[in-house]
Amino acid sequence: MESFVLVVIYHALRYLPHSKTESTSYILNNVFARRERIRHGKYGGGEARRNLFRHNDYIGHDFKLTSDPLHRWVKAAIAAVKEWIESELAKSDPRDSDGGLELMAWERAAAIPSLPLPAANEPVPVTPRVLDTHDRLAKYFEICLEATNWPVNDKSYNILPDLEKEEKLAKRAIEDE
């Protein structure tokens with residue numbers, strides 16, 4: 001489901017009017033194209049995508065699509081994926097691997113009261129999440145599609161060529177100085 005949300009975000013950024021038009025190239029490159037070389041000639045990535053969901057990295061909290069129904073769906077989808085990611089990260093608590101000894105030692109050294117986390121042998125409590133099934137996100141999408149306040153006579157356009165043209169003109173102006 002996270003991949004579907006990323007596809008919608010990518011296409012919305014690239015082809016629809018939004019509040020971060022000037023930064024579109026930067027956002028797309030960092031979130032979708034950036035990769036890191038890791039061992040044995042392989043590449044990895046994904047931190048930027050995860051941080052987009054968790055912290056609104058690259059798009060910011062003020063990101064807004066001009067299409068209100070789609071904007072509301074994207075915001076709900078980002079929140080749902082954030083909830084999923086954070087609940088999955090909570091499962092990898094240090095207490096699971098070493099009984100919490102390292103974390104408890106750190107807490108004692110820093111005089112921090114022990115965190116109310118489950119012991120190593122206790123299961124991590126599970127609370128219902130939006131993405132436990134696809135039903136709620138699909139319902140959000142259905143509501144979005146049924147909305148009556150979609151923009152009229154709008155057409156998608158590829159934002160990147162305009163940005164590339166502006167960047168070339170700006171670079172040329174600097175070189176001419």
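All values below were derived from every heavy atom in this structure, side-chain atoms included, with hydrogens, water molecules and symmetry-related copies excluded. Just so you know, residue 1 is the first one in the sequence shown, and it goes up from there.
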Set of residues satisfying side-chain contact (heavy atoms from CB on, under 4.5 Å) with respect to Arg14, sequence neighbours excluded:
Tyr10, Leu28, Asn158, Leu160
Stepwise ring-ring contact (aromatic ring centres under 6.0 Å, His included) test for Tyr15 and Tyr157
CA-CA 5 Å; Tyr15 298 106; Tyr157 68 98; 8.7 Å; no
Donor-acceptor contact present, side-chain Ser67 to main-chain Trp150, <3.5 Å
no
Please enumerate all residues that pass salt bridge (charged side-chain N to carboxylate O under 4.0 Å, His left out) together with Lys64, with sequence neighbours excluded.
Asp68
What is the minimum heavy-atom distance between Asp62 and Ser19, and which atoms define it?
O-OG, 3.4 Å
In short, Val31 meets Ala48 closest at the heavy-atom pair CA-CB, 3.9 Å
Tell me every residue that passes salt bridge (charged side-chain N to carboxylate O under 4.0 Å, His left out) with Asp57, counting only those two or more places apart in sequence or in another chain.
none
Closest approach of Ile59 to Lys20 (non-hydrogen atoms, all atoms of both residues):
O-CE, 2.9 Å
Would you sort out whether Ile78 and Arg54 count as a side-chain contact (heavy atoms from CB on, under 4.5 Å), showing the intermediate values?
CA-CA 8 Å; Ile78 287 173; Arg54 292 187 71 208; over 6 Å; no
Side chains of residues 133-148: which donor-acceptor pairs under 3.5 Å do they make with residues two or more places apart or in other chains?
{"unit_1": "Thr133", "atom_1": "OG1", "unit_2": "Asp135", "atom_2": "N", "d": "3.3"}
{"unit_1": "Lys139", "atom_1": "NZ", "unit_2": "Glu142", "atom_2": "OE2", "d": "3.4"}

Looking at every non-hydrogen atom in both residues, tell me the closest pair between Phe53 and Lys82 and how far apart they are.
O-CB, 3.4 Å
Distance (rounded to the nearest 0.5 Å) between Asn51 CG and Asn30 CG:
11.5 Å
Sequence-distant partners of His18, ring-ring contact (aromatic ring centres under 6.0 Å, His included), two or more places apart:
Phe63
Nearest-0.5 Å distance that lies between atom CD1 in Ile27 and atom CG in Leu52
8.5 Å
Residues in salt bridge (charged side-chain N to carboxylate O under 4.0 Å, His left out) with Glu47, at least two apart?
Arg50
Considering all heavy atoms, the nearest Leu65-Ala12 contact:
CD2-CB, 3.7 Å
Closest non-hydrogen contact found for Ile159 with Thr21 is CG2-CG2, 3.7 Å
Given side chains that start at C-beta, do those of Leu70 and Val8 come closer than 4.5 Å, heavy atoms only?
yes
Is the shortest side-chain heavy-atom distance between Val5 and Trp73 below 4.5 Å?
yes
